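Treat the numbers as computed from the prediction; the structure is a model and nothing was measured. Proteins get letters first, then strands, A, B, ... in listed order; numbering begins at 1 in each.
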Amino acid sequence: MKPSIPQGTRDFSPEVVRKRQYIFDTLRSIFELYGFQPLETPAMENLTTLTGKYGEEGDRLIFKILNNGLHAQNDDYKAKMNDEWAKVLSKPYSSPVVTERALRYDLTIPFARYVVMHHHELALPFRRYQMQPVWRADRPQKGRYREFWQCDADVVGSTSLINEAELLCIYSQAFGKLGVPVAIKVNSRKLLQGMSEICGHPDLMTDITIALDKLDKIGWDGVAKELTARGISEEGIGRLKDVIAISGSNDEQLAALAGIMSGSEAGMAGIAELQHTLSYYSTLCSGVNADVAVQVDISLARGLNYYTGVIVEVVCTHPDVKMGSIGGGGRYDDLTGLFGLKGLSGVGVSFGIDRIYDVLEELNLFPQQVAQGADVLILNFGGDNERYALDVLRRCRENGIAAEIYPEAVKFDKQMKYANKRSIKYVLLPGDDERAAGKISVKNFETGKQELVDVTAAISMLQSG
RNA sequence: GAGGCUGUAGCUCAGUUGGUUAGAGCAUCAGAUUGUGGUUCUGAGGGUCGAGGGUUCGAAACCCUUCAGCCUCCCCA
């Protein structure tokens with residue numbers, strides 16, 4: 001049998017795991033710095049927790065888990081099962097008899113579920129970060145997997161725009177630390193609502209935003225075509241075009257928008273919340289990473305319909321990198337209302353770490369030492385020398401030196417080749433002569449130089465690098 | 001959900017209008033080299049040509065079916 005792994009999943013080899021760990025560690029340190037607390041939730045949730053939260057397309061993409069105990073049942077049960085399968089294949093795409101559980105689809109809904117279940121013991125506002133894999137039965141493509149990791153930071157139980165500003169600050173600091181040149185684009189869902197009002201279709205905000213979101217990809221002509229297809233009037237499209245044409249600094253854009261939006265309550269509220277957010281941000285973030293640009297972008301839409309306030313998206317601005325967004329988020333009023341706890345507002349951001357990895361790789365931004373493992377290999381000469389080698393090995397580890405021994409006393413060049421392949425920095429040779437003298441030969445594998453020294457001296461040498 | 005491309009050694013791929021026993025590089029193992037790695041050189045092992053059916057004197061190649069993977073659109077991270 002030929003070994004394989006499921007479509008859209010990946011093995012992570014040692015070097016890759018180390019590099020990914022570097023990203024996780026960087027993000028974690030920043031989340032902690034901003035007072036966020038770690039949270040983990042199960043890989044599987046009850047199916048009813050997830051269905052209906054991501055739209056009809058989303059329901060289709062949820063990985064369902066077959067109930068246990070499907071075998072060893074009587075004939076009546078089997079007949080019933082046959083009927084229930086039909087439900088799985090048609091619209092709700094599920095039946096509790098066949099599937100009651102499903103794999104986590106994102107981190108936000110499980111977080112909302114957690115908050116509702118634990119709100120009596122939580123100190124609100126609750127700030128949490130979460131870095132775990134999620135699963136989608138999507139069709140894999142480049143940079144798109146069926147199992148991928150999300151890193152989210154959310155605040156629930158506060159409507160202050162300070163939270164928005166802090167999350168923007170986390171973005172700029174995180175990408176600053178990773179060395180990725182980015183633009184942070186912000187918009188407000190309320191502003192989008194205002195736009196749909198002034199073009200005469202307040203009920204078609206979703207259609208307008210979906211079309212508008214493609215501005216980068218298909219240009220204004222393409223967007224106009226799609227708007228027409230979605231039932232927007234000629235006049236409405238004309239007004240939208242005027243809005244889109246607004247340019248300049250954030251202040252200039254918002255001022256110009258205020259002129260156009262004066263008739264829309266929602267629009268004016270959106271402008272105000274962006275102004276306040278940016279103002280908090282400039283205070284919080286000045287000096288931290290001031291050169292990361294936060295830009296108001298009126299065409300920014302973002303798919304998920306549960307966003308209600310400020311929305312944000314991060315893109316890499318390096319000219320050589322062609323990559324979609326590497327992070328995004330926004331405010332969602334009443335997310336926990338879905339689970340019966342009304343009136344809790346949340347705001348959060350997400351890091352697309354698989355894509356961030358690709359960007360770091362492409363721009364060669366991983367620090368050199370990240371991918372390396374053990375520094376020292378002790379060769380095995382067998383017999384009494386093996387004991388001597390183990391003794392040296394123990395002393396290395398006691399002194400904090402990452403070391404390993406070649407466990408077989410095989411031919412010399414084989415052990416050397418192993419060291420070479422593993423990119424080991426130092427090889428220790430505990431042979432007859434060394435043991436007799438109570439010393440050890442230390443070979444630097446980068447320079448090829450070798451010297452015979454006392455074990456103690458060798459250890460302090462290795463400790464200093 | 002719609003469309004396109006590709007399946008040949010562990011990996012990356014050649015393989016001519018259909019024609020003897022299907023090749024190369026890398027990797028592996030052995031040797032040159034029993035205390036010195038990266039570079040060489042020599043040799044060896046390794047294949048149901050994705051699967052099933054069809055056309056043909058003859059199929060890795062052509063046709064059909066099917067499975068798998070990759071990519072684009074949709075949507076998303």
Checklist entry - Below 3.5 Å, does any donor atom in the side chain of A/E446 face an acceptor in the base of B/rG38, or the other way round? => result no

Checklist entry - To the nearest Å, how far apart are A/Y145 OH and B/rG69 C1'? => result 14 Å

Checklist entry - Once you round it to whole Å, what is the distance between C1' of B/rA77 and CZ of A/R20? => result 13 Å

Checklist outcome for this item: Between NZ of A/K411 and P of B/rU34 the distance, given in whole Å, is 6 Å

Next on the checklist: I need the CZ-P distance between A/R144 and B/rC71, as an integer number of Å.
Outcome noted: 11 Å

Next on the checklist: Students often get this wrong, so: under 4.0 angstrom with heavy atoms, is A/F445 touching a base, only sugar-phosphate, or nothing?
Outcome noted: base

Item to check | d(CD1, A/I378; C1', B/rG35) in whole Å | outcome: 17 Å

Checklist outcome for this item: Winner on side-chain proximity to A/E434, out of B/rG35, B/rU72, B/rC76, is B/rG35

Checklist outcome for this item: From the candidates B/rC74, B/rC76, B/rG35, the one with an atom nearest any side-chain atom of A/Q141 is B/rC74

Checklist entry - A/F31 vs A/F36 aromatic rings, parallel, tilted or perpendicular, using cut-offs 30° and 60°? => result tilted

Next on the checklist: What is the separation between atom NZ on A/K417 and atom P on B/rU36, rounded to the nearest whole Å?
Outcome noted: 13 Å

Item to check | Any donor-acceptor N/O pair under 3.5 Å between B/rU36 base and A/K443 side chain | outcome: yes

Next on the checklist: So for A/Q415 and B/rU36, does any side-chain atom that can act as donor or acceptor lie under 3.5 Å from a complementary atom in the base?
Outcome noted: no

Checklist entry - Would a distance-only check, ignoring hydrogens and angles, find a side-chain to backbone donor-acceptor pair under 3.5 Å from A/Q415 to A/V410? => result yes

Item to check | C1' gap between B/rU28 and B/rG45, integer Å | outcome: 9 Å

Checklist entry - Which one is paired to B/rA24, where only Watson-Crick or G-U wobble pairs with both distances under 3.5 angstrom count? => result B/rU12

Checklist entry - Quantified in whole Å, what is the P atom distance between nucleotide B/rC26 and nucleotide B/rU20? => result 27 Å

Item to check | Identified pairing partner of B/rG45, criterion: Watson-Crick or G-U wobble below 3.5 Å | outcome: none

Checklist entry - Closer to the 5' end of RNA chain B via nearest nucleotide, is it A/D432 or A/K421? => result A/K421

Item to check | Side-chain donor or acceptor of A/Q132 paired with backbone N/O of A/L107 under 3.5 Å | outcome: no

Next on the checklist: By nearest atom, which of the nucleotides B/rA77, B/rG38, B/rG35 is closest to the A/S441 side chain?
Outcome noted: B/rG35

Checklist entry - Which part of the nucleic acid, if any, lies within contact of A/G328, taking any heavy atom under 4.0 Å across all strands shown: a base, the sugar-phosphate backbone alone, or nothing? => result nothing

Next on the checklist: Using atom P in both nucleotides, what's the gap between B/rG4 and B/rU42 to the nearest angstrom?
Outcome noted: 48 Å

Checklist entry - If you measure from the C1' atom in B/rC57 to the same atom in B/rG18, how many Å do you get, rounded? => result 12 Å

Next on the checklist: Working note: A/E32 + A/R28, criterion salt bridge (charged side-chain N to carboxylate O under 4.0 Å, His left out); need CA distance, chi angles, decisive distance, verdict.
Outcome noted: CA-CA 6 Å; A/E32 293 278 351; A/R28 184 182 298 110; over 6 Å; no

Checklist entry - Nearest of B/rA2, B/rU28, B/rG37 to any side-chain atom of A/R139? => result B/rA2

Checklist entry - Which listed nucleotide (B/rG37, B/rG35, B/rC75) is nearest to the side chain of A/R230? => result B/rC75

Checklist entry - Between B/rG35, B/rG37, B/rG69, which nucleotide gets closest to the side-chain atoms of A/F381? => result B/rG35

Next on the checklist: With heavy-atom distances below 4.5 Å as the criterion, would you say the side chains of A/V294 and A/Y171 are in contact?
Outcome noted: no

Checklist entry - Which nucleotide in the list B/rC75, B/rC29, B/rG35 gets nearest to the side chain of A/D433? => result B/rG35

Checklist entry - Would you call A/L363 and A/P181 a side-chain contact if the rule is heavy atoms closer than 4.5 Å? => result yes

